[in-house]
Amino acid sequence: MRKRGALGAQVEIRVPFYDVDSINVVWHGHYVKYLEEARCALLDSLGYGYDAMRASGYVWPVIDLQLRYAQAAQFGQRLVVRAELVEWENRLKINYLISEAASGQRLTRASSVQVAVCMQTREMQLASPPVLLDAVRRKLDATETAA
């Protein structure tokens, strides 16, 4: 069983015509941009989206990306893409689930790993910078308070 994330966010996407191939299924490379939409929603919910990352002096390149396709998405299909934060102390590890919106049927599972790189020195950080840790802590505290 996949590890559930401490925090999550999801987006809904309707598969556009320009993402499908000649047999009306989504070309495999387009799934990555669907993951990016969910990842941006998750990071924005933390108050640490890409603009905030740059402002804090760090960039977070993806160093590992894994996808497992269970079933193809098709033109016009409504998808729910969920991103869950599973690691953040030393790196950002996010698990994803792409499912069909109407039925909930799983189409694709994925995970990505990003590491902090100091923009000034271009050195990879061995631990996540305090600005990310504080953002996660604030969101976790707010989630616990709301529950």
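Taking all atoms of both residues into account, the shortest heavy-atom contact from Ala70 to Arg106 is CB-O, 4.1 Å. Here the closest heavy-atom approach between residue Val26 and residue Val20 is recorded as N-CG1, 4.0 Å. Here the closest heavy-atom approach between residue Ala41 and residue Ala9 is recorded as C-CB, 3.8 Å. Considering every non-hydrogen atom in both Ser99 and Gly104, the closest pair reads CB-O, 3.7 Å.
Formation of a donor-acceptor pair under 3.5 Å by the Gln125 side chain with backbone atoms of Ser128 is not found in this model. Between the side chain of Tyr31 and the backbone N or O of Leu67 there is no donor-acceptor pair closer than 3.5 Å.
Using a 4.5 Å heavy-atom threshold, the side chains of Leu107 and Tyr69 count as separate. Using a 4.5 Å heavy-atom cutoff, the side chains of Leu35 and Leu65 are in contact. Looking at Pro61 and Val117, their side chains come closer than 4.5 Å, going by heavy atoms from C-beta outward. In this structure the side chain of Arg39 reaches within 4.5 angstrom of the side chain of Gln114, judged on heavy atoms. Between Tyr58 and Tyr48, some side-chain heavy-atom pair lies under the 4.5 Å cut-off. Put simply, the side chain of Ser22 does not reach to within 4.5 Å of the side chain of Trp27, judged on heavy atoms. Leu92 has its side chain within reach of Leu43: a pair of non-hydrogen atoms, C-beta onward, lies under 4.5 Å apart. Side-chain atoms of Arg109 and Tyr96, non-hydrogen and from C-beta on, never get closer than 4.5 Å to each other.
To the nearest 0.5 angstrom, Leu46 atom CG is 6.5 Å from Leu85 atom CG. Interatomic distance, CD of Gln74 versus CG of Leu79, reported as 10.0 Å (0.5 Å rounding). To the nearest 0.5 Å, atom CD of residue Gln66 and atom CG of residue Asn95 are 10.0 Å apart.
Residues satisfying the side-chain contact (heavy atoms from CB on, under 4.5 Å) test with Asp21, not counting sequence neighbours, are Ile23, Val25. Among residues two or more places apart in sequence or in another chain, the side-chain contact (heavy atoms from CB on, under 4.5 Å) test is passed with Asn90 by Ala127.
Using a cutoff of 4.0 Å between basic side-chain nitrogens and carboxylate oxygens, Arg54 and Asp51 are scored as salt-bridged. Under the 4.0 Å criterion applied to side-chain N and carboxylate O atoms, Glu84 and Arg4 are assigned as salt-bridge partners. The existence of a salt bridge linking Glu87 and Arg91 is confirmed by a sub-4.0 Å separation between a basic side-chain nitrogen and an acidic carboxylate oxygen.
Between Asp19 and Tyr34, the side chains place a donor N or O and an acceptor N or O closer than 3.5 Å (distance only, hydrogens not considered).
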>> Could you go through Asp134 and Arg137, starting from their C-alpha distance and side-chain angles, then the distance that decides it, and tell me whether this counts as salt bridge (charged side-chain N to carboxylate O under 4.0 Å, His left out)?
In response: CA-CA 5 Å; Asp134 292 343; Arg137 220 173 282 120; 3.0 Å; yes
>> Show, in sequence, the C-alpha distance, side-chain angles and deciding distance for Glu12 and Arg14, and conclude whether the salt bridge (charged side-chain N to carboxylate O under 4.0 Å, His left out) test is met.
In response: CA-CA 7 Å; Glu12 190 171 302; Arg14 186 171 204 90; 5.9 Å; no
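Using a 4.5 Å cut-off between side-chain heavy atoms of Ile, Leu, Val, Met, Phe, Trp and Tyr, with links allowed through other members, Tyr50 and Leu132 fall into the same hydrophobic cluster.
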